[in-house]
Structures are given as structure tokens and as C-alpha cells.
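Structure first, commentary second.
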Amino acid sequence: MISFTFDDAPMSAATTGADVLEARGFRGTFYLSGGLVAREDDRHRYVSAEQVVRLARVGHEIGCHTYSHRACGRASPREVRAEVERNGAALARLGVPAPATFAFPFGDVSTSAKRALGGEFSLLRAVHHGIIEAGGDLNQAPAVPVYGASGETAARRWLEVAKARRAWLIVFTHDVAPLPSAFGCTPGALERLLVAALESDFDVVTVAEGARRMRPLRA
Ligand SMILES: [Zn+2]
């Protein structure tokens, strides 16, 4: 399996990024911070409320990040839970389904944060590179970035590893634009990765669907 995920998420992920997947009938996972919806900062314009609703309506997964994009590593379990509850409430106000999976902002993980959230979600995604195999820790699932100078090449290498081991690869990015930020990718990079995955007979799944398929195999 392969899952395409978009963090935060900049508006172009919900338009250009979603288009790349939808054009071939696939869906992705958007790890949204409620505090960033409809906002703009020096780096990005973020998704609008209407775009979040559209993504959910056409079948993309709306996943959970922390509300204020706060890192979890040094936060207390209570603070982590409060961030996630606030984010869930913000997403619920938009009328989208309750998130089934979570991504740690900055990939910043701690044992206590894992414990605080492990029961709430079917998968917690981190950002250490790797693939997911039977028995892997779904409360600290690896993911491979598709951004930066070597992002596409590295992601293609991990795709080969996942293929050889019949494993699950989760990739992530932020904006999707012809001239992406340092944390984003071009639509072409996304498209080439998708085509390579399809040529190798990967199933393209949302993270929630991947986690559902892994569960019977959980150690
Ligand atoms: Zn993030």
C-alpha cells in the first residue's frame, strides 16, 4: 500500500495536490490544524473551511494534527489531549467526520504523548523514514517526505523498498506547486510517484484505510 498525506495544510495541497490524486480516482489524507484553517502566514495560505468540507465530501481523509500546531514531545499528556480535543471540536464544527488518525507536528514524539493518544486514533504518524510492516508500531508510524532537493528520489527509493518487502509506505508533503516551498513538492513529483506506485501494483489508500487493513496483523 501507499498513502499520500498532506500536513497542516496549505491551500495548494487541497487544490493542486488533491487534483493529482482525484484525476486517477484516488484519495489522500490531510492532517489539519484547526488553528491554521483559513489563515495565512509568511509561508503559506492555508485551506479554507469550504475546502476542508469539499475534501471530506469527496472522500479524502481529514486527519488530526494539534490545533495550534504545537509539538507534542515536551507537552504534558494533558496539554496534548487538550490540543487534540480542541482540534476535533474545530473539525466537528465544519461537519467533517471525527478524525481516525493523527500526525505528530514536526514528528515530535514522546512516550507520554503516544500513550495519551494511542487509544484515540487507529494510527499516529511520525516523520522518521521507513515503511510499515506487520507488527510495526502504529503509534509511531514512519513516513517519508516528498520535498527538498532529494525528496522525490528518496521517496522513489522507499517505494522500491516497500515493493520488495510488500510493506506500506506513507509519504508526506505540505504545499504542492510548480515552485514549492522547501517543505512542498511539485505536482509533477507527486504524479510521478503515484504512477510509479501504480505500475508496481500498489494499492493507494488513505491512512485510516491502511490502518484498518493492518489491524488484523498487529502484533
Ligand atoms: Zn505540521
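Both counts, for ligands and for their atoms, begin at 1 and track the order of listing.
Protein N/O/S atoms found under 2.8 Å from the Zn ion (ligand 1), listed by chain and residue number: Asp8 OD1, His65 NE2, His69 NE2.
Ring geometry for His69 against Phe106 counts as perpendicular: the plane angle is over 60°, on a 0 to 90° scale with 30° as the lower cut.
Within the structure, salt bridge (charged side-chain N to carboxylate O under 4.0 Å, His left out) pairs that include any residue of residues 7-17 comprise Asp7-Arg125 (at least two apart or interchain). Sorted by first and then second residue, the pairs that involve residues 168-197 and meet salt bridge (charged side-chain N to carboxylate O under 4.0 Å, His left out), not counting sequence neighbours, are Arg24-Glu191, Glu152-Arg192.
Side-chain contact, Tyr31 with Thr101: a donor N or O sits under 3.5 Å from an acceptor N or O.
Using a 4.5 Å heavy-atom threshold, the side chains of Glu209 and Met1 count as separate.
For the side chain to side chain donor-acceptor pair (under 3.5 Å) test, residues two or more places apart in sequence or in another chain that qualify with Arg165 are Glu133.
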